[in-house]
Each structure stands twice: as C-alpha cells, then as structure tokens.
Amino acid sequence: MNKYKHVFSPITIKGVEFKNRIEVAPMVPCMATPEGWVTKELIEFYRPFAKGGAAIVTVGDSAVNWTHAMDHEGQLNLGDDNVKMGLDDLADEVQRYGALISVELNHGGRFANSMNLASKGLKPVSSTPKPAEIDEFFSKLQGRTPAEVEEMSIPLINKTIQDYADAAGRCKDSGFKMVMIHGAHGMLPGQFLSPYVNKRVDRYGGNFENRARFCIELLEAVL
Ligand SMILES: Cc1cc2nc3c(=O)[nH]c(=O)nc-3n(C[C@H](O)[C@H](O)[C@H](O)COP(=O)(O)O)c2cc1C
C-alpha cells in the first residue's frame, strides 16, 4: 500500500474537495424509464458505491439528446428539463454519503440505437456516413438491412455541441460538481477524431487539428 499512500487522502481540484482518490468508473445499468427519467432502481444501483466510500460516483453513458444521441435503452435522457426532478433525487442520494456525483455525457453518433431511430423515421448521424460495424453484425442476425448513417451538417454539429453544454448545465443545476465526456469506445467525439471514420473535407475533417475541432468546441461549450 506504500506505493498508493495518497489513495485515501483528500484532494482539492479547481476548488472542489474530493474525500479520497477513488472514482467509480461509469457504468450504465439501463434502469431509467423508457423516456430516460431516473427510477428508484437506478438510485439503488448507484447508492452502494457512495455508501461504500468512493469519492466520486459516475453515472454511466447518458444521452445528451433523445433524438440522435441515445445508444442504449434505459439510459438517462439529459436532453430534456423533465429529467431534473429525478436527477435532483439521484444527486442527493449519492451526496448524502459524502461522495460527489458525476455523469458521463454521451452521443452515440453512428453507434446510436438505429432501430429506435428508424421507428421515428430517422437515421444515425456521424462525422461521415460510415455505417456502424456493430449494426452490420446485428442486422445480419435480425434479417434486416444495416442502418444508413447521415453526415452531420454544420448546423447539426453546432446544435449537438450545445446539447452537451445544456446537458452539463442540467446536471450542474442538480448539484453535480463534475461531468465526464464519453470520448472512448468510438462514440461521437471519436468519430470526429478518427481518420478511419472521419472523411470530411470541411473544417471538421482532414488534418488532426480539423478532426479535433469538434472535441475542442465541445469542451469549450461545456466549460
Ligand atoms: C456493467 C458495466 C457497464 C459499463 N458501462 C459503461 C458505460 O456506461 N460507459 C463507459 O465508458 N464504460 C462502461 N463500462 C466500462 C467501465 O467503466 C470500465 O472501464 C471497465 O469495466 C474496466 O474497468 P474495471 O477493470 O475496473 O472493470 C461498463 C462496465 C461494466 C462492467
């Protein structure tokens, strides 16, 4: 334990005090209502981590809007003010044990739930109209054609960036002192960064600086 002697000591980052250095990794238990609102079960999923002593309890993969961002049934819908009442309860229940609550803001992009989108007459969107390999796999099993993906227009890019900021604002209103942006697992930020996916020829594609633009604008909007 000598190697990790600071694990149980507090730390202050940007004026926020964390009681130790233990953060629960984001996990999505898929326990929100079909509309994306907090349930009792969702609160009961996260409570033991707070009670157990972690400094930060991170709510997993949560959609920044309910049209194109959603990639799981049962995830939180942070794109609508109606989420706030339940979010207040969730934050209170985690924070009453002295833990801080955080959340992973996400947009699935080409990994969004294609069948859910199809039921609304929509297609997944991404930096580039590149179908998702996972959807190609599942479409074979389900005997359907893989979902086409639409390239995001500049107005949609701007709106999506604002969606991340608005979602973070709703969390802040409910007492969250931090949020996390889901940049892993090939989600939308990765779909802009990756030269494998991003084939755009405008200011959001091409060289590294252009491919990083979406992520930088998104971080600036959330800050
Ligand atoms: C049930 C479950 C749900 C998960 N959900 C998410 C998620 O919503 N977002 C995410 O970024 N990672 C998710 N992960 C990955 C974890 O955050 C973590 O990176 C992974 O489990 C590796 O850490 P570990 O070795 O401590 O388990 C999930 C993992 C599990 C087991």
Side-chain angles (χ1 to χ4, degrees), residues 1 3-4 6-8 18-80 83 86-87 90-91 93-94 99-117 124 126-127 132-135 137-138 160-161 163-165 167-168 170-171 174 176-194 196-197 214-215 218-219 222:
M1 265 326 268
K3 200 171 155 196
Y4 303 110
H6 298 300
V7 168
F8 295 108
F18 301 89
K19 65 178 180 177
N20 57 48
R21 319 287 170 100
I22 299 170
E23 174 171 9
V24 179
M27 284 179 284
V28 58
C30 302
M31 286 172 169
T33 69
E35 301 82 15
W37 316 140
V38 173
T39 58
K40 270 188 180 171
E41 290 74 17
L42 190 80
I43 294 176
E44 291 312 319
F45 176 81
Y46 289 111
R47 184 204 302 278
F49 298 110
K51 201 171 172 184
I56 306 164
V57 176
T58 313
V59 176
D61 187 345
S62 300
V64 296
N65 68 48
W66 213 234
T67 45
H68 285 110
M70 179 198 183
D71 66 332
H72 282 293
E73 303 283 342
Q75 68 180 157
L76 280 182
N77 170 9
L78 296 177
D80 189 309
V83 77
L87 212 54
L90 175 61
E93 287 301 317
V94 165
L100 292 177
I101 187 162
S102 178
V103 62
E104 184 179 54
L105 305 183
N106 193 31
H107 190 304
R110 69 195 190 108
F111 295 153
N113 188 324
S114 68
M115 292 181 74
N116 173 53
L117 284 167
S126 184
S127 60
E133 295 75 4
I134 192 161
D135 195 65
F137 174 80
F138 278 114
T160 303
I161 288 171
D163 286 344
Y164 277 90
R170 291 186 183 99
C171 295
S174 289
F176 289 56
K177 294 199 170 63
M178 62 184 286
V179 294
M180 165 192 279
I181 312 288
H182 199 345
H185 306 168
M187 298 300 177
L188 188 61
Q191 294 164 30
F192 274 88
L193 269 180
S194 161
Y196 168 73
V197 179
F214 176 78
C215 302
L218 157 56
L219 287 174
V222 168

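We count ligands from 1, going down the list as the structure has it; atoms in each ligand are counted the same way.
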- Task: Report the nearest protein non-hydrogen atom to atom 18 (C) of ligand 1: residue, atom name, distance rounded to 0.1 Å.
- Result: A25 CB, 4.1 Å
- Heavy atoms only: give me the nearest V38-L87 pair and the separation to one decimal. CG2-N, 3.7 Å
- Message: Under 4.0 Å from atom 20 (C) of ligand 1, is there at least one protein heavy atom?
- Response: no
- Message: If only side-chain N and O atoms count, and only distance matters, is there a donor-acceptor pair under 3.5 Å linking T58 with E23?
- Response: yes
- Task: Output the distance between atom CG (N116) and atom CH2 (W66), rounded to the nearest 0.5 Å.
- Result: 7.5 Å
- Heavy atom of the protein closest to atom 9 (N) of ligand 1 (residue, atom name, distance): E104 OE1, 2.7 Å
- Query: Is atom 11 (O) of ligand 1 less than 4.0 angstrom from at least one protein heavy atom?
  - Reply: yes
- Task: Over 60° means perpendicular and under 30° means parallel, so classify the ring planes of F214 and F192, tilted if in between.
- Result: parallel
- Task: For atom 30 (C) of ligand 1, grab the closest protein heavy atom and report residue, atom and distance to one decimal in Å.
- Result: M27 CG, 3.9 Å
- Message: So D61 and M187, do their side chains get closer than 4.5 Å, heavy atoms only?
- Response: yes
- ligand 1 to G60 polar contact by distance, N or O atoms, under 3.5 Å: no
- Task: Look up atom 27 (O) of ligand 1 and tell me if a protein heavy atom lies less than 4.0 Å from it?
- Result: no
- Kindly check if the number of other-residue, nucleotide or ligand heavy atoms within 6.0 Å of NZ (K19) is above 12? yes
- Should the ring pair F45 and F49 be called parallel, tilted or perpendicular, given that the plane angle runs from 0 to 90° and is split at 30 and 60? perpendicular
- Query: atom 14 (N) of ligand 1: protein heavy atom closer than 4.0 Å?
  - Reply: yes
- For ligand 1, is there an atom lying under 4.0 Å from some heavy atom of H185? yes
- Query: Any idea which protein heavy atom is nearest atom 8 (O) of ligand 1, and the distance to it?
  - Reply: D61 N, 3.1 Å
- atom 16 (C) of ligand 1 - nearest protein heavy atom and its distance: P26 O, 3.6 Å
- Message: Do M31 and T39 have side chains that approach each other closer than 4.5 Å (heavy atoms only, starting at C-beta)?
- Response: yes
- Task: Taking atom 23 (O) of ligand 1 as the reference point, report whether a protein heavy atom occurs under 4.0 Å from it.
- Result: no
- Output the distance between atom CG (L42) and atom OG1 (T33), rounded to the nearest 0.5 Å. 10.0 Å
- Message: When you measure from atom 5 (N) of ligand 1 to the protein, is at least one non-hydrogen atom found at a distance under 4.0 Å?
- Response: yes
